[in-house]
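By convention here, the first residue in the shown sequence is residue 1. Below, each value reflects all heavy atoms present in this structure, side chains not excepted, and no hydrogens, waters or symmetry copies. The structure presented is a predicted model; accordingly, all values stated were derived computationally and were not measured.
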Amino acid sequence: MKVLFVSSEVYPFAKTGGLGDVAYALPKMLRSLGVDARIILPKYEKISEDYKSKLIHIASFGVQVGWRNQYCGLEYLNYYDIPVYFIDNEYYFKRGDFYGYFDDGERFAYFDRAVLESIKYMSDFVPDVIHCNDWQTGMLPLLLKAHYFNRYWNVKTVYTIHNLKYQGVFSPTILGELLNLDMSYYDEHKCKYHDGVSFMKTAINYSDVVTTVSPSYAKEIQMPYYGEGLNGLLSEKQYKLHGILNGIDYDVFNPATDECIAEKYDAKNYKLKVNNKLALQAEFGMPVDINTPMIAIVSRLVKQKGLDLVTCVLDELLKMDIQLVILGSGDIEYTDFFEYFAKSYPSKIHVYWGYNDALARKIYAAADMFLMPSQFEPCGIGQLISMRYGTLPIVRETGGLKDTVQPYNEYTGEGVGFSFANYNAHEMLGIIKMAVDTYKNKKVWYNLVRRAMTTDFSWKSSAEKYIDIYKSIV
């Protein structure tokens, strides 16, 4: 079985969120299970020179983008026995960031076609399956059928929705100007979405299989509240829609070997974990107190993540005997709000703006609780990492959060975290208070910590489900 995994971001080369982690960890596990899985992504300016200096140039060729013939360089790196290919074009990818440009539609229309052109330069490798991810790769399944059917008629496509909210909608003129397609594709049953063309809708229509990153999210997106205008289409296509839970790479996220944290520990000597809290309190200039529960938020600061619930009750939350640590970047309304409170209550709340992988790991290891009250959550990686580090998640029961966090039952002792059902700030606050009260009962708390750390969220079982899907369509 040969699988080409196509993604706009891949850890450790380019990452803004969970997609980057998945795009590395899933192919890695597939290879361990006997699949010849390879990865391809754009060669961004922001990729570390440590990696770029090791790239091997394979080929140079042209890629048709409308009436233009654009340069493409195919480069290669063997990264811990995973073949990784890079699409090189400085006009499109030598920029300060990965996304957010006026011509993103053109950039990723080029990328999708460049991936298909590059296959003939990959020695002894023609994929049985091309596995596409999120809107940036959404035109690839259509381009495969429209322009490459004679060459790759037996290549199948799997498309994974990591977040339905971001659909890649652009002017219908891209059909002819960028994709060399006629306007017959500007149709409600093909690419048309309102007055534009949607990369994601196109992929849903033209892929052989569509997956989401958790079973609950696969069901939720067929309903209007979660469906982002595509619920009707997804209900119609449910015969090829599957929900497969994301995992995390247990080699990458392991408190027993993590060089970033102050004190290594595992499920057997979990009590050493507290030394990481003491170290982080000192580093952040907060009161060093072993008994003060620390709550962490490591997140994109956008409404989807439930931050309006946090801002609504932050006054009440800070009246409790807790410390709040926030790491992330996003909407200015949240960064300004938390910045104000951090300056007003420096002993209670500390914020770090931006993404810092080493600091994120310190926070996962130091905190006692991890707050993730999402409005919707396709899967979520943060709660999986937090449990791996013995930090109990507090989540809203939606999507992958519902599938992964079994709530604590005070009568039976079961559970690995805390959860609430309704998107309501005071319901969330009530569950936080319950978690803080539970924290005071160390016997109960340590049982929950140990259970969370030993719950298996590795990629093996999920990768096996993907292999079953690949086999069913090849």
Can Phe61 and Tyr121 be said to form a ring pair (Phe, Tyr, Trp, His ring centres under 6.0 Å), step by step? CA-CA 10 Å; Phe61 50 90; Tyr121 300 99; 4.5 Å; yes
Test log, rule ring pair (Phe, Tyr, Trp, His ring centres under 6.0 Å), inputs Tyr79 and Phe13: CA-CA 11 Å; Tyr79 184 73; Phe13 313 106; 5.2 Å; yes
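A ring pair (Phe, Tyr, Trp, His ring centres under 6.0 Å) with Phe170 holds for exactly one of Trp135, Phe108, Phe102; it is Trp135.
Within 6.0 Å of CD on Glu283 lie more than 12 heavy atoms contributed by other residues, nucleotides or ligands. The number of heavy-atom neighbours closer than 6.0 Å to CG of Asp195, taken from other residues, nucleotides and ligands shown, is 12 or below. Atom NZ of Lys46 has more than 12 heavy atoms from other residues, nucleotides or ligands within 6.0 Å. Open room surrounds NZ on Lys219; 12 or fewer heavy atoms of other groups in view lie less than 6.0 Å from it.
Of the N and O atoms on the side chains of Tyr423 and Asp308, at least one donor lies less than 3.5 Å from an acceptor on the other residue. Neither side chain, Lys460 nor Ser32, offers a donor N or O lying under 3.5 Å from an acceptor on the other. Tyr265 and Asn276 are not linked by any side-chain donor-acceptor pair at a separation below 3.5 angstrom, with hydrogens and angles left out of the test. Residues Arg300 and Tyr355 bring no donor and acceptor atom of their side chains to less than 3.5 Å of each other. Side chain to side chain, Tyr91 and Glu106 fail the donor-acceptor criterion of an N or O pair below 3.5 Å.
A cation-pi arrangement is present between Arg388 and Tyr250, with the terminal nitrogen or guanidinium carbon under 6.0 Å from the aromatic centre and inside a 45° cone about the axis. A cation-pi arrangement is not found for Lys28 relative to Tyr80, the charged atom failing to lie both closer than 6.0 Å to the ring centre and inside a 45° cone about the ring normal.
Between the side chain of Lys362 and the backbone N or O of Tyr364, no donor-acceptor pair lies under 3.5 Å. In this structure, Asp36 contributes its side chain and Met1 its backbone to no donor-acceptor pair below 3.5 Å. Proximity of a side-chain donor or acceptor of Asp331 to a complementary backbone N or O of Val302 within less than 3.5 Å is not detected.
The closest side-chain heavy-atom distance from Phe86 to Lys52 is not below 4.5 Å. A heavy-atom distance below 4.5 Å is found between the side chains of Leu301 and Trp353.
Nearest approach of Ile161 to Asp134, heavy atoms of both residues: C-OD1, 3.9 Å.
Relative ring orientation between Phe341 and Phe337 is described as tilted, the plane-to-plane angle lying within the 30° to 60° band. In this pair, Phe93 and Tyr44 present their aromatic rings perpendicular. The plane angle is above 60°, beyond the 30 to 60° band.
Note on Glu220 versus Lys402: no salt bridge recorded, every NZ/NE/NH1/NH2 to OD/OE distance being 4.0 Å or above.
Applying the ring-ring contact (aromatic ring centres under 6.0 Å, His included) test to Tyr217 and every residue at least two apart in sequence or in another chain returns nothing.
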